[in-house]
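Everything below concerns the one structure shown next.
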Amino acid sequence: MTAVSSADLSPPPVRKGFGHAAPGGGKMPLALVAIAIAFLFAFPVLWLLLTSLRPESGVYYVHRGTEFTLHNYLEVIQQANIYKAFWNSFAISTLAVLSLGVTVTSGYMLSRFKGPIGQLVFADLRAALHPLHLVGAAAVLRHPAVGHLRHVWVSCCRTWRCISASSRGS
Amino acid sequence: MFRYLTLPMLRSVMVVCIVIRSIDAFRTFDIVWTISAGGPARSTELFSIYAYIEAFQSMNFARGSAAAMIGAAVIVVLAMFIFRVLNRWVEVSK
């Protein structure tokens, strides 16, 4: 006959919430919340995937019907523009990575140099926020056929004309 | 000191920065759309602009979605490739 310790005779601990459902059941609510959040993030991508696999007749009724096709992918792959577009994206990505060299070394300088040098570097970085829009605006002003910013410029001119007209009227 | 101590210690951080930045830059849309809208003659078109034009201007949602999914696949493959190559140079994760 084996000896029974007092610890063996003590009642099992009372588990609250979902803990009494099953071993490890206490993690159930957390898992459900995690699945719900993951589904919220994944839903648009899944909808996109579903839309891409639907034929043209069923594209507005993605949730109905069971007809699926790879025809859309074939159509995209057969177009020459898509390869040019991917190449352009790749070029932009490479240039952005190269610009990290400036960013990382600037960060190092900012962490190392205090006083006027650090302030100068930081002022330069802050100034670098603006030229993107200025260069874009300048390009459009010189070559109005280039892009869509001309619409912004036209609306600015119209607004200014309205303001000046109303001020003259008053 | 920077070359032999600081830079080697920054390597793992830089690898993560490079991967995340390349993924982010690959799906650029706003700046190019604002400046040129992919023109002239679609010469500055990015894959994100291509997908947008197909879906919301040509109103071909299926083809636009397919282009976006192909782009997502390309980004995943590219990111894994960059990470593997850089991971040889510096061990980011064990």
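The sequence lines fix the lettering, A, B, ..., with proteins before strands; numbering per chain opens at 1. Here the structure is a predicted model, which means the values were calculated and not measured.
Separating the CD1 atom in A:Ile82 from the CD1 atom in B:Ile70 is a distance of 6.5 Å, to the nearest 0.5 Å. Separating the OG1 atom in A:Thr94 from the CZ atom in B:Phe26 is a distance of 9.0 Å, to the nearest 0.5 Å. Summarising the geometry, atom CG belonging to B:Leu46 is positioned 10.5 Å from atom CZ belonging to A:Phe86; distances are rounded to the nearest 0.5 Å. One distance of note links CG of A:Leu95 with OG1 of B:Thr28; it measures 10.5 Å at 0.5 Å rounding. Between B:Ile49 atom CD1 and A:Asn81 atom CG the span is 12.5 Å, to the nearest 0.5 Å.
What you find for B:Met69 and A:Val45 is that their closest heavy atoms are SD-O, 4.4 Å. Residues B:Ala66 and A:Ser52 approach most closely at N-CB, 3.4 Å, considering heavy atoms. Between B:Ala25 and A:Ser93, the closest heavy-atom pair is CB-CA, 3.7 Å. B:Ala62 approaches A:Arg54 most closely through the heavy-atom pair CB-O, 4.0 Å. Residue B:Tyr50 comes nearest to A:Ala85 through the heavy atom pair CB-CB, 4.3 Å, listed as atom of the first residue, atom of the second, then distance.
In terms of non-hydrogen atom pairs under 4.5 Å with chain A, the most contact-rich of B:Ser43, B:Gly64, B:Gly71 is B:Ser43. Between chain B and the residues A:Val97, A:Leu53, A:Thr51, the most heavy-atom pairs under 4.5 angstrom are made by A:Thr51. Taking chain A as the reference chain and counting heavy-atom pairs below 4.5 Å, the highest number among B:Glu54, B:Met14, B:Glu45 is found for B:Glu45. Among B:Ser65, B:Ala51, B:Ser48, the residue with the largest count of heavy-atom pairs under 4.5 Å with chain A is B:Ser65.
A continuous path of ILVMFWY side-chain contacts below 4.5 Å connects A:Leu49 to A:Ile77, so both sit in one hydrophobic cluster. Two different hydrophobic clusters hold B:Val16 and B:Val13 under the rule that ILVMFWY side chains link at heavy-atom gaps under 4.5 Å. Hydrophobic cluster membership is shared by A:Phe43 and A:Leu48, with clusters built from Ile, Leu, Val, Met, Phe, Trp and Tyr side chains linked at under 4.5 angstrom. A continuous path of ILVMFWY side-chain contacts below 4.5 Å connects A:Val76 to A:Trp87, so both sit in one hydrophobic cluster. Residue B:Phe83 is not grouped with residue B:Met80 when hydrophobic side chains (ILVMFWY) are merged at heavy-atom distances under 4.5 angstrom, including chains of intermediate members.
For A:Leu100, the part lying near chain B is the side chain, with the backbone staying farther off; criterion is any non-hydrogen pair under 4.5 Å. Only the backbone of B:Thr44 comes within contact range of chain A, judged by heavy atoms closer than 4.5 Å. For chain A, the nearby parts of B:Ser22 are the backbone and the side chain; heavy atoms of each come within less than 4.5 Å. Heavy-atom distances place no part of B:Val19 under 4.5 Å from chain A, backbone and side chain included. Contact of B:Leu78 with chain A is made through the side chain alone, with heavy-atom distances under 4.5 Å.
More than 12 non-hydrogen atoms from other residues, nucleotides or ligands lie less than 6.0 angstrom from CH2 of A:Trp47. Residue A:Phe90 qualifies as open at atom CZ: its count of foreign heavy atoms under 6.0 Å is 12 or below. Around atom CG of A:Leu30, no more than 12 heavy atoms belonging to other residues, nucleotides or ligands sit under 6.0 Å away.
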